[in-house]
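Note sheet for the following structure.
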Amino acid sequence: MPAPLRDIVRALEAFGGVVDRPSSGSHWRARMGGKVYPLAAHNGERSEIRDLYIKGLCRCFDLDESEFRKKL
Amino acid sequence: MDGTCRHDYNLWIVVHPPEKDVPGQWLAHCLEFDTISQGNSFEHALKMIFEAIVMVVHADRLAGREPMERRAPEEFYEELYALLGRGEKVSMAELEKLSHEGRITTPCATQIELHARHVENRAQEAVPRLMRQFPVFTQPELACC
């Protein structure tokens, strides 16, 4: 299931992640455990993030996908 | 020696056309860095993944990490090899035309060459540059099915 970017940010923060919103570029920068993952924000915080994208995010940060989805 | 290191990467990008769950959003996946982005069109998705790749390489180099260690799981490469085996090689211009005609309904793959220059102890200079983009592999004949 896809999810709005604002929900993904909230879920990441619940897992201790931080999301920076650079003033330039079309991506926000999610940080957790010393790793960085870009979040496509070209349509603002209402951007709908596709399922495959969410799976990739969870892989990067070693998050259990089902636990992450519970926070969305 | 000026302490400059250069890192060259050949990266596979798999682009997925929009699906019903998120209409209009093309997704681009860089397999070597297991990095994903999305955009409002085929071209926009490519532009977005280039920007995402630059962010990843820059961040990993700053952290003393090798971005290739992010490599996507093998199942994604198996899908890529299957696509390369059965796909048709087309130019980027042809691909853009097909996508504008709504004739891309299956994933496409392309390869890019990226050069990143890193100066020891001056990590802020580790800015990667996209050097070259190779042809795209796609299956336009399936779009009519």
Side-chain angles (χ1 to χ4, degrees), chain A residues 1-13 15-70 72, chain B residues 13-41 43-76 79-80 107 123 126-128:
Chain A
M1 287 289 290
L5 180 57
R6 61 170 174 267
D7 292 353
I8 288 174
V9 170
R10 195 169 50 235
L12 275 170
E13 288 171 346
F15 281 94
V18 175
V19 178
D20 305 319
R21 304 175 189 200
S23 54
S24 63
S26 300
H27 288 85
W28 292 354
R29 185 187 291 112
R31 292 185 285 124
M32 192 185 299
K35 290 182 88 175
V36 164
Y37 199 78
L39 297 173
H42 55 293
N43 292 330
E45 66 176 13
R46 287 186 299 177
S47 304
E48 283 287 324
I49 303 298
R50 286 181 57 174
D51 192 56
L52 195 61
Y53 205 141
I54 297 171
K55 289 176 188 291
L57 175 71
C58 290
R59 273 199 308 277
C60 174
F61 292 134
D62 291 323
L63 295 172
D64 182 276
E65 189 186 334
S66 59
E67 291 300 314
F68 184 78
R69 286 186 184 280
K70 285 179 190 170
L72 291 175
Chain B
I13 310 290
V14 178
V15 182
H16 299 259
E19 290 180 357
K20 285 177 185 168
D21 59 348
V22 184
Q25 287 301 296
W26 293 70
L27 190 139
H29 186 184
C30 169
L31 300 192
E32 283 75 13
F33 297 165
D34 198 15
T35 295
I36 297 172
S37 191
Q38 60 185 51
N40 301 329
S41 65
E43 298 96 317
H44 189 222
L46 277 183
K47 187 179 166 200
M48 291 289 285
I49 194 66
F50 297 156
E51 186 182 296
I53 287 168
V54 167
M55 182 185 284
V56 163
V57 173
H58 197 193
D60 280 3
R61 288 287 167 208
L62 280 173
R65 184 179 283 130
E66 170 51 58
M68 295 290 270
E69 290 173 8
R70 293 173 177 250
R71 184 181 164 91
E74 205 52 37
E75 67 206 57
F76 292 98
E79 289 173 13
L80 168 68
V127 178

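Chain letters run A, B, ... following the sequence lines, proteins first and then strands; every chain starts at 1. All figures in this text were calculated on a predicted structure; none of them were measured in a lab.
Taking all atoms of both residues into account, the shortest heavy-atom contact from A:I49 to A:A40 is CD1-O, 3.6 Å. Across every non-hydrogen atom of B:H44 and B:G39, the tightest pair is ND1-CA, 3.2 Å. The nearest pair of heavy atoms linking A:L72 to A:A11 is CD2-CB, 3.9 Å.
Here B:M48 is the residue among B:R65, B:M48, B:Q25 with the most heavy-atom pairs under 4.5 Å with chain A. Contact tally against chain A (heavy-atom pairs below 4.5 Å) for B:S37, B:A63, B:A59: the top residue is B:S37. When B:D60, B:T35, B:N40 are compared by the number of non-hydrogen pairs under 4.5 Å with chain A, B:N40 comes out ahead.
Between A:E67 and A:K70 there is a salt bridge, with a side-chain nitrogen of the basic residue lying less than 4.0 Å from a carboxylate oxygen of the acidic one. The existence of a salt bridge linking A:R69 and A:D51 is confirmed by a sub-4.0 Å separation between a basic side-chain nitrogen and an acidic carboxylate oxygen.
Interface residue A:R50: backbone and side-chain heavy atoms are both found under 4.5 Å from chain B. Contact annotation for B:H29: only side-chain heavy atoms (C-beta onward) come within less than 4.5 Å of a heavy atom of chain A. At a 4.5 Å heavy-atom cutoff, A:R31 makes no contact with chain B through either its backbone or its side chain.
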